[in-house]
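Heads up: the structure comes next, in structure tokens.
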Amino acid sequence: MRTLKYAILGLIRRGPVTGYDIAREFRSQALSNFWHAKHSQIYPELKKLLEEGLITCEAVLQRGKKKKFYSLTPAGEEDFLQWVQLDEPPEPTPKDVFRLRIYYADAMEASRCRQLLESQREKHRERLQALEGMNQKFACHPAVGTPEHGDYLVLQGAILREKAYLDWLELCLREMAFTTSS
């Protein structure tokens with residue numbers, strides 16, 4: 001399954017957008033918390049979506065430059081709505097290079113391992129702080145059925161993920177303190 005296809009169809013479904021707009025969305029903190037794509041992936045996928053008749057493209061002259069705006073076709077809307085309602089098994093656990101390093105913690109000095117854990121703790125605290133800052137824009141829960149509601153739900157998941165990661169790092173640091181003092 002081409003999941004990128006559906007990520008792009010979903011963005012286009014929110015309103016006509018350019019390829020640049022789509023790439024910017026993938027770099028935004030809202031979407032990058034759980035999905036990413038590069039320019040080199042986006043533009044070939046847009047071409048496929050056009051060929052499949054799932055989107056249309058309209059060239060518009062803006063400030064002396066031609067911009068291509070993509071919109072969903074009825075077939076694209078139907079395909080997206082079928083996909084978005086699928087109930088699939090969970091994806092495999094995502095790769096985490098830092099956890100892999102900790103898996104092999106026996107290959108490093110305890111002091112270096114502690115430094116790495118403390119460094120990661122600081123980075124994840126900063127990420128959590130940024131996510132909580134993003135959460136400030138939601139003074140109240142967005143209405144169900146709006147794009148903002150989906151943004152809100154995903155943001156809450158990202159905040160919980162960072163809190164859980166920080167809890168794990170704290171556990172590791174406590175273990176390091178316990179192990180080195182024994």
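Basis for what follows: all heavy atoms, side chains included, without hydrogens, waters or symmetry-related copies.
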Q.
Under 6.0 Å from the ring centre and within 45 degrees of the ring axis: does the NZ or CZ of R99 meet both conditions for the six-membered ring of W168?
A. yes
So how far is it from [X] [atom1] to [Y] [atom2], rounded to the nearest 0.5 Å?
X	Y	atom1	atom2	answer
N135	D151	CG	CG	11.5 Å
L49	E52	CG	CD	6.0 Å
L173	R114	CG	CZ	8.0 Å
I159	R127	CD1	CZ	13.0 Å
L166	E122	CG	CD	9.5 Å
Y165	L128	OH	CG	14.0 Å

Around [X], counting heavy atoms of other residues, nucleotides and ligands shown, do more than 12 lie under 6.0 Å from its [atom1]?
X	atom1	value
H149	NE2	yes
H39	NE2	yes
Q129	CD	no
E109	CD	no
E91	CD	no

Side chain to side chain donor-acceptor pair (under 3.5 Å) test vs H124 passes for just one of E162, R161, K163, namely E162
(Q) Does W35 form a side-chain contact (heavy atoms from CB on, under 4.5 Å) with V154? I'd like the steps, not just the answer. (A) CA-CA 11 Å; W35 202 263; V154 170; over 6 Å; no
Taking side chain as C-beta onward, heavy atoms only, is [X] less than 4.5 Å from [Y]?
X	Y	result
R27	H36	no
L9	W83	no
Q115	S119	no

Between [X] and [Y], what is the shortest heavy-atom contact and its length?
X	Y	result
I102	C113	CD1-SG, 4.0 Å
A23	I42	CA-CD1, 3.6 Å
G19	Y70	N-CE1, 3.8 Å
F80	G10	CE1-CA, 3.4 Å
L131	A158	CD1-O, 3.6 Å

Cluster link [X] to [Y], ILVMFWY, side chain under 4.5 Å:
X	Y	answer
F138	L153	yes
F98	L100	no
M108	L117	yes
Y43	F69	no
F34	L86	yes

task: Look at E45 together with K5 and state whether they make a salt bridge at an N to O cut-off of under 4.0 Å.
output: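 No salt bridge links E45 with K5.
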Would E77 and R13 count as a salt bridge (Lys or Arg N to Asp or Glu O under 4.0 Å) if you check the C-alpha gap in whole Å, the side-chain angles of each, and the deciding distance to 0.1 Å? CA-CA 7 Å; E77 175 83 7; R13 186 174 183 270; 3.1 Å; yes
| query | Run the salt bridge (Lys or Arg N to Asp or Glu O under 4.0 Å) check on K68 and E58 step by step: do they pass? | reply | CA-CA 5 Å; K68 294 180 181 180; E58 180 183 358; over 6 Å; no
| Are the side chain of D21 and the backbone of T18 linked by a donor-acceptor contact shorter than 3.5 Å? | yes
| Would a distance-only check, ignoring hydrogens and angles, find a side-chain to backbone donor-acceptor pair under 3.5 Å from Q41 to K38? | yes
- Task: Test salt bridge (Lys or Arg N to Asp or Glu O under 4.0 Å) on E132 and R125 and set out the steps.
- Result: CA-CA 10 Å; E132 289 174 336; R125 281 181 179 160; over 6 Å; no
From the list L54, L72, T73, side chain to side chain contact (heavy atoms under 4.5 Å, CB included) with I12 holds only for L72
